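Just so you know, ligand 1 is whichever comes first in the structure, and atom 1 is the first atom listed for that ligand. As the structure is a computational prediction, the values presented were derived from the model and not from experiment.
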Amino acid sequence: MSSLRKRHNLTLIIGLAILVAVLTLHLALHFGVPGSLSGPPSAVLRTGEMPVRPLAVMLPAEEGRPSATTALDGQATLLPVGAGAKRLIALTFDDFPFPDATPKMLEVLAEQQVQVTFFTIGHKLTEHPEFAAQALYQGHALENHTYDHVRLIYCTPEQIHRELSLCNQVIRDLTGVAPHYLRCPGGRSNATIDQEALANGLQCVDPLVTDIGDMGKSPAAIVRRCEADAHPGAIFSLHDGVPETMAALPIVIPYLRSKGYEFVTVERLLRGE
Ligand SMILES: [Zn+2]
């Protein structure tokens with residue numbers, strides 16, 4: 001009698017165990033097993049992964065029309081940055097970098113949230129390579145202003161080639177980005193320079209720039225000149241390391257923004273982006 005009761009209890013336990021197992025499987029199939037079957041959300045960055053900030057996010061939002069950021073947020077209506085907004089101006093600064101003044105210049109540009117183009121002197125950048133990384137991090141472009149800052153119109157084709165290719169090489173080595181544009185020291189070019197520029201993958205922008213003539217001017221005079229010369233597609237030629245220019249920028253940039261202008265690099269301006 002006792003063994004019969006034990007067998008009965010055993011059958012009951014086995015039956016309950018099967019029932020629990022079936023129920024568990026049923027629940028798992030319908031609701032999923034937490035953790036093991038579902039992977040981590042794809043948007044979560046893994047440790048050590050650098051978040052990549054889209055350049056558009058750093059652009060100024062303009063009143064009265066969707067900003068580049070808004071366009072990116074729109075997903076389905078993803079447009080090239082600047083599309084439909086053709087009031088573009090490129091601020092350029094020759095003679096980059098200066099060890100004493102460039103940090104201040106980069107600070108001013110960061111405060112104003114603009115991306116600009118630095119026409120770089122190759123040998124100066126080799127002496128202060130840290131500025132290449134900082135400028136690139138802020139979204140600025142480094143372009144060619146020769147290696148030794150020589151007047152190219154007085155050089156032989158061989159000398160021109162050397163000046164352009166060496167400066168290209170310095171920028172490429174430090175940033176991983178090949179320059180596309182040349183600004184001649186003194187702002188004068190000729191057919192031979194154009195030819196050598198092309199051979200080095202460069203376009204000479206000298207005929208395209210509006211020379212603000214900022215060296216030796218007061219901040220007020222620089223502001224007046226920038227406001228008077230502003231037009232869609234303008235490429236302003238200014239200089240790195242000029243205190244008066246740095247004082248003028250926080251006035252010029254908000255003013256031109258209030259007139260609907262966006263500030264882009266030379267490359268983006270010439271590509272109509
Ligand atoms: Zn220069």
4.5 Å side-chain heavy-atom contact, Leu202 and Tyr181: no
Hydrophobic clusters here meaning ILVMFWY residues chained together by side-chain heavy-atom distances under 4.5 Å, can you tell me if Leu125 and Met105 are in one? yes
For the Zn ion (ligand 1) the protein N, O or S atom count under 2.8 Å stands at 3
So do Val252 and Leu256 actually touch side chain to side chain, heavy atoms under 4.5 Å? yes
Does any non-hydrogen side-chain atom of Lys124 lie less than 4.5 Å from one of Phe98? yes
Please table the atom pairs, donor to acceptor, closer than 3.5 Å between any side-chain atom in residues 89-96 and protein atoms at least two apart or in another chain.
residue	atom	partner	partner atom	Å
Thr92	OG1	Phe236	O	2.8
Asp94	OD2	Arg183	NE	3.3
Asp95	OD1	His145	NE2	2.9
Asp95	OD1	His149	NE2	2.9

Under the side chain to side chain donor-acceptor pair (under 3.5 Å) test against His180, which residue among Glu267, Gln203, Arg271 passes? Glu267
